[in-house]
Amino acid sequence: MARTPDSNRRYFLQSLLRYGTVAGGTGIALSSPFWLDLLDQENKHAAYAGDRLKELASASPRARFWLPANGSSASCFECHDKGEVEPSQNHVHDERYVRCTLCAHGCIIGEGKRGRCRARMNVDGELRSLVYGHPISTHVDPIEKKPFYHFLPGSTAFSLATSGCPLHCRFCQNWTISQASPEDYADQFYGPDVIAQAAQQREAPVIAFTYNEPTVFTEYMLDIAREGRNRELRNVLISCGFMTEEPLAELCAGLDAIKIDLKGYSEEFYRNVCDAELKPVLRSIKQVHDSGTHLEIVNLVVPTLNDSEELLTELAKWVVGELGPDVPVHYTRFHPDYKLLNLPPTPIATLERARDIALKEGMHYPFVGNVPGHPGNHTYCPGCGEIVIQRQGFFVSEMHLDHGKCSYCKTPIAGVWE
């Protein structure tokens, strides 16, 4: 699971750009040995990455959730809008295109090319998963770090990620993973049974798919979840929610809980900051809720971009109106990272305002996230107002629940407790 020696080429290039701005202002020549050394490392990595990609492509399993453009039953309108082309079931493309149906981008991919997530590749006319069996990060975390506050509180989660993500969020704190490509890492193959066994050996009752966007390794995730259930382990997904209905239905059936990042209640925010769309995410959240799978939502509140009272109010109204009052929603503090280094951390007062708005709109379990020690981290009974789960950072310090009910007034507290 180690990186290749030069896999942090994005760091080098970003350093190059940042240093270049300074250099341009001070008259430093761009042909200095420093720059040549960086470019030499980049060239060496490119050569390695090319060989690594060929190796992955030849060994990768066939993906699910895709359509061949030249299949006997292929319809032009599976890839093209009406009026864009003349419909012809017998049309044969010169190149064997495929259309990925996993996420809402619906990438049309030529031979030897990849979709926007970089994790799926058209190899000889069929779509393959380059990341199946190739986790690049594993760790054991508190379940509260995901964050799940109403799913087995106090548990640990064996967490894993591959590379790749269909979104390109400018604030991503895991960008070295999510924005990386499979060939950036010199990792080994780990079968689903090995991952489940590792979780069991670490005495983690939960396997968490997290850090990057796990739907890019949906096939691997479902196989791991199956192995986990055979060992009486629970499985949870931390996702951006940008998938389509069919794969999400399988994930809801195969997993025990799903947390979705609702990054902002604005199409403009999704387009300009995440290179995505809001509507597919709202549809996914509704689908998870309607499936009965435990659901929690995170809203990263970014100063000046999605923190207006209007957007926070609309988000709270949508959650309560479409999902009801019992879905936990975490309003999380932003810290400068990746491409949004120019913005300050979210003022705590903004998160408190978001929580107050949510409570006013009828939400039972809004939280202030990423602010250790804040009273907004606790779970309060919607019946009597007492603290039923008290947290210190990512750890539970007190619980006052009796079989899922408030110990003080016996009001049921929504969640999965045992």
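Since the structure is predicted, the reported quantities are computational estimates derived from the model, not experimental observations. Note that the numbering runs from 1 along the sequence shown for the chain.
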Between the side chains of [Y] and [X], is the shortest nitrogen-to-carboxylate-oxygen separation below 4.0 Å, so that they form an ion pair?
X	Y	value
Asp223	Arg226	yes
Glu296	Lys259	no
Glu352	Arg355	no

*Pairwise side-chain contact, Asn122 with Lys113, heavy-atom cut-off 4.5 Å (strictly under)*: no
*Counting N and O atoms only, with roles assigned by atom type, does the side chain of Thr215 sit under 3.5 Å from a partner on the main chain of Thr218, one being a donor and the other an acceptor?*
no
*Using modelled atom types only, decide if a donor and an acceptor are shared between the side chain of Arg128 and the backbone of Ala57 within a distance under 3.5 Å.*
yes
Atom [atom1] of [X] and atom [atom2] of [Y]: how far apart are they, to the nearest 0.5 Å?
X	Y	atom1	atom2	value
Arg52	Leu56	CZ	CG	4.0 Å
His378	Phe367	NE2	CZ	10.5 Å
Leu248	Ser284	CG	OG	5.0 Å
His335	Leu341	NE2	CG	13.5 Å

*asked:* I need the full list of side-chain hydrogen bond (donor to acceptor under 3.5 Å, both in side chains) pairs touching residues 160-173, with sequence neighbours left out, sorted by first then second residue.
replied: Thr162-Asn212, His168-Gln179
_Within residues 145-161 or reaching into it, pairs that qualify as salt bridge (charged side-chain N to carboxylate O under 4.0 Å, His left out) - sequence neighbours excluded_ = Asp141-Lys145, Asp141-Lys146
*Residue pair Tyr338, Asn174: steps toward the side-chain contact (heavy atoms from CB on, under 4.5 Å) verdict*: CA-CA 9 Å; Tyr338 193 33; Asn174 290 331; over 6 Å; no
*Step by step, would you call Arg114 with Arg120 a side-chain contact (heavy atoms from CB on, under 4.5 Å)?*
CA-CA 6 Å; Arg114 287 183 276 183; Arg120 295 172 170 254; over 6 Å; no
*When the ring planes of His150 and Trp417 are compared, do they come out parallel, tilted or perpendicular, using 30° and 60° as the limits?*
tilted
*Name the orientation class of the two ring planes belonging to Phe171 and Phe269 (parallel below 30°, tilted from 30 to 60°, perpendicular beyond 60°).*
parallel
*Please check if atom CD in Glu246 has more than 12 non-hydrogen atoms from other residues, nucleotides or ligands closer than 6.0 Å.*
no
*Stepwise, does the side-chain contact (heavy atoms from CB on, under 4.5 Å) test hold for Tyr270 with Lys279?*
CA-CA 10 Å; Tyr270 265 87; Lys279 287 182 180 178; over 6 Å; no
*Report the C-alpha distance between Tyr331 and Thr350 in whole Å, list the side-chain angles of each, state the deciding distance to 0.1 Å, and finish with yes or no for side-chain contact (heavy atoms from CB on, under 4.5 Å).*
CA-CA 9 Å; Tyr331 294 96; Thr350 301; over 6 Å; no
Show me the donor-acceptor pairs, under 3.5 Å and distance only, between side chains in residues 271-278 and residues at least two apart or in other chains.
unit_1 : atom_1 : unit_2 : atom_2 : d
Asn272 : ND2    : Glu268 : O      : 3.4

_Step-by-step salt bridge (charged side-chain N to carboxylate O under 4.0 Å, His left out) determination, Asp337 to Lys339_ = CA-CA 6 Å; Asp337 209 329; Lys339 295 182 179 180; over 6 Å; no
